[in-house]
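Here's the structure, in structure tokens; my notes come after.
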Amino acid sequence: MSFVFFVLGLIHLNWSIGGTFGFAESLPTKETGERVLNLKKFDSVVVGLGLMSFSFFYLLKVGYINLNLSDRLVYQFSFEITVIKHPFSPSTSIEKETVT
């Protein structure tokens with residue numbers, strides 16, 4: 001898990017400095033080919049650093065890194081990871097479609 005987060009973080013940081021590996025394929029597009037999201041380099045930096053911090057956290061959690069942090073701090077960070085929601089993500093409410 002830590003390795004996956006680290007690699008994803010590196011990919012996002014690569015995008016922030018102008019890399020193009022997988023960039024076009026990762027952004028959602030309309031049927032016309034128009035991008036739904038137009039992210040800035042700063043967005044990639046924030047996501048990349050966040051993913052790398054998750055990688056670090058998992059290394060800490062399994063014992064590869066020993067920092068003697070309080071259990072409360074580790075628990076709080078665990079909770080924060082689970083409640084992160086991207087501001088552009090669709091709402092979580094389920095809307096019924098009307099079939100005609």
Phe56-Leu51 co-clustered via ILVMFWY side chain contacts under 4.5 Å
yes
Is it possible for you to say whether Leu27 and Trp15 belong to one hydrophobic cluster, with membership spreading through side-chain heavy-atom contacts below 4.5 Å?
yes
Is the ring pair Tyr58/Phe5 parallel, tilted or perpendicular, if the boundaries are 30 and 60 degrees?
parallel
If hydrophobic clusters are built by linking Ile, Leu, Val, Met, Phe, Trp and Tyr wherever their side-chain heavy atoms come under 4.5 Å apart, do Val47 and Met1 end up in the same one?
yes
So which atom in Thr29 and which in Arg35 form the shortest heavy-atom distance, rounded to 0.1 Å?
CG2-CA, 4.1 Å
Evaluate whether atom CZ of Phe6 has more than 12 neighbouring non-hydrogen atoms of other residues, nucleotides or ligands under 6.0 angstrom away.
no
Single-linkage hydrophobic cluster, 4.5 Å side-chain cutoff, Phe42 and Ile11 together
no
Determine whether Met52 and Leu10 make a side-chain contact, defined as any pair of heavy atoms from C-beta on separated by less than 4.5 Å.
yes
Under the ring pair (Phe, Tyr, Trp, His ring centres under 6.0 Å) rule, collect the residues that match up with Phe21, sequence neighbours excluded.
none
Does Ile17 share a hydrophobic cluster with Leu8, counting links as ILVMFWY side-chain heavy atoms below 4.5 Å and allowing steps through other members?
no
Can you sort out the partners of Lys40 under side chain to side chain contact (heavy atoms under 4.5 Å, CB included), two or more places apart, ordered by chain and number?
Asp43
Minimal non-hydrogen separation, Ser16 against Val45, with atom names:
CB-CG2, 3.4 Å
Drop me the distance from Lys41's NZ to Leu39's CG, to the nearest 0.5 angstrom.
13.0 Å
Which residues pass the side-chain hydrogen bond (donor to acceptor under 3.5 Å, both in side chains) test with Ser2, not counting sequence neighbours?
Ser55
Taking all non-hydrogen atoms of both residues, which atom of Ser44 and which atom of His12 are closest, and how far apart?
CB-O, 3.4 Å
